[in-house]
Amino acid sequence: MRLVTWNINSVRQRLHLIEQLTKDYAPDVICLQEIKAQNKDFPLAEIEAMGYTHNEVRGMKGYNGVAILSRVPLENGQSRDWVGKDDSRHVFATLPGGIEVHNFYVPAGGDVPDRDQNDKFGHKLDFVDEMKAWFPEMYSNDRPMILVGDLNIAPMEHDVWSHKKLLKIVSHTPIEVEKLNDAQNAFGWVDTMRHFVPDEEKLYSWWSYRARDWRAANKGRRLDHIWATPVLTPRLKHMEVIVDARGWEKPSDHAPVLLDLED
DNA sequence: ATGGTTGGTTACCAA
């Protein structure tokens, strides 16, 4: 089973990228974030023509929006509101074989890392707290579950190009990192990307549009994640960040992250 | 210290 998570930054602007991904990598399941379209504007026919005939879409006008696209049947598709807002940041469904896939788009949190000065940062912190508070309702070490998405937090020193320079930059501040680590470690969530790549090795999934030459500068951050329950650990086969996709025509600022599981 | 790019919506906001 091949699964991909990708912040697509507008599904309507980037159908060509999804097509390229499906041709080159043939994922069974694609979890998208920031589709930036209402359900009625989602390009379902085009996606179905690529072979993804089972879909669970939670869109809204203008912002956010998440979707699970699948070549295999999805069951029990659902979504949930977070921090009292109906803002299309979570969708989940069950794959054949019983793996429950949760697709999240955590708030970016604005620029100022202080909840008294910046409501968006407070919203982000509350969102991660609420994830942790919700896990007891759904989490079990021996239930096959995968949590993916743009979590907008790069928790480890080598998840960013400069740990020191980013300590006060939203996405790598100690308070966000602590909250994300709390949510992960209070349960048995396995960071599948770091299962394959040593902690001391740089690993990024996002490069800003604002860099003159993103590849040469390589000032990336690992904002996108794939977590799994421990029962799936023996089945983890392969993981890669498809860095090349950041250089495709009219790219998203995020690269897809791919995980292969043994059947 | 500042500005750099992109998308969606509607003349700025969010990232």
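Just so it is clear: chains get the letters A, B, ... in the order the sequence lines come, proteins before strands, and each one is counted from 1.
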S.K.: Parallel under 30°, tilted from 30 to 60°, perpendicular over 60°: which one fits the rings of Trp82(A) and Trp134(A)?
M.R.: perpendicular

S.K.: Looking only at atom C1', what distance separates dT9(B) and dG4(B), rounded to whole Å?
M.R.: 22 Å

S.K.: On a whole-Å scale, what distance lies between the P atoms belonging to dT10(B) and dA14(B)?
M.R.: 14 Å

S.K.: OP1 or OP2 of dA15(B) less than 4.0 angstrom from a side-chain nitrogen or oxygen of Lys36(A), does that happen here?
M.R.: no

S.K.: With nearest nucleotide decided by heavy atoms, which residue, Pro107(A) or Gly62(A), maps closer to the 5′ end of DNA chain B?
M.R.: Gly62(A)

S.K.: Rounding to a whole Å, what distance do you find between Asn118(A):CG and dA14(B):P?
M.R.: 10 Å

S.K.: Round to the nearest Å and state the distance from Asp224(A) atom CG to dA15(B) atom P.
M.R.: 15 Å

S.K.: Please tell me which of Val11(A) and Asp150(A) maps to the more 5' nucleotide of DNA chain B, matching each residue to the nucleotide holding its nearest heavy atom.
M.R.: Val11(A)

S.K.: Quick check: are there more than 12 heavy atoms from other residues, nucleotides or ligands sitting under 6.0 Å from NZ of Lys202(A)?
M.R.: yes

S.K.: In this structure, how many angstroms lie between the P atom of dG8(B) and the CG atom of Asn7(A), rounded?
M.R.: 12 Å

S.K.: Begin with the C-alpha distance, continue with both residues' side-chain angles, and end with the deciding distance and a verdict on side-chain hydrogen bond (donor to acceptor under 3.5 Å, both in side chains) for Gln33(A) and Thr5(A).
M.R.: CA-CA 8 Å; Gln33(A) 303 88 35; Thr5(A) 180; 2.9 Å; yes

S.K.: Among the nucleotides dA15(B), dT9(B), dA14(B), which one has an atom lying closest to any side-chain atom of Tyr63(A)?
M.R.: dA14(B)

S.K.: For dT6(B), does either OP1 or OP2 sit under 4.0 Å from a side-chain N or O belonging to Gln13(A)?
M.R.: no

S.K.: Between C1' on dG7(B) and CG on Leu15(A), what's the gap in Å once rounded to a whole number?
M.R.: 15 Å

S.K.: Side chains of Gln13(A) and Asn9(A) only: does a donor on one sit below 3.5 Å from an acceptor on the other?
M.R.: no

S.K.: Mind calculating the distance between CG (Asp111(A)) and C1' (dT5(B)) to the nearest angstrom?
M.R.: 14 Å

S.K.: Any idea which of dA15(B), dT9(B), dG7(B) is nearest the Lys61(A) side chain?
M.R.: dT9(B)

S.K.: Under a 4.0 Å heavy-atom cut-off, which of residues 204-218 of chain A touch DNA chain B?
M.R.: Tyr209(A), Arg210(A)

S.K.: In the structure shown, which nucleotide is the Watson-Crick or G-U wobble counterpart of dG4(B), with both distances under 3.5 Å?
M.R.: none

S.K.: Rounded to whole angstrom units, what separation is found between the CG atom of Asp41(A) and the P atom of dT9(B)?
M.R.: 8 Å

S.K.: Hey, is NZ on Lys85(A) packed in by over 12 heavy atoms from elsewhere, all under 6.0 Å?
M.R.: no

S.K.: To the nearest Å, how far apart are Asn64(A) CG and dG7(B) C1'?
M.R.: 13 Å

S.K.: When the P atoms of dG3(B) and dG7(B) are compared, how many Å lie between them, rounded to an integer?
M.R.: 22 Å

S.K.: Write down the distance between CD1 (Ile169(A)) and C1' (dT2(B)), rounded to a whole number of angstrom.
M.R.: 12 Å

S.K.: Carefully, step by step, assess His172(A) and His163(A) under the rule side-chain contact (heavy atoms from CB on, under 4.5 Å).
M.R.: CA-CA 8 Å; His172(A) 194 61; His163(A) 174 62; 2.8 Å; yes

S.K.: Once you measure the plane-to-plane angle for Trp227(A) and His225(A), does it fall in the parallel (<30°), tilted (30-60°) or perpendicular (>60°) bin?
M.R.: perpendicular

S.K.: Between Phe127(A) and His123(A), how do the two ring planes meet: parallel, tilted or perpendicular, split at 30° and 60°?
M.R.: perpendicular

S.K.: Using purine N1 to pyrimidine N3 plus N6-O4 or O6-N4 for Watson-Crick, or N1-O2 and O6-N3 for G-U wobble, both under 3.5 Å, which nucleotide pairs with dA11(B)?
M.R.: none

S.K.: Between dA1(B) and dT5(B), how far is it from one P atom to the other, in whole Å?
M.R.: 22 Å

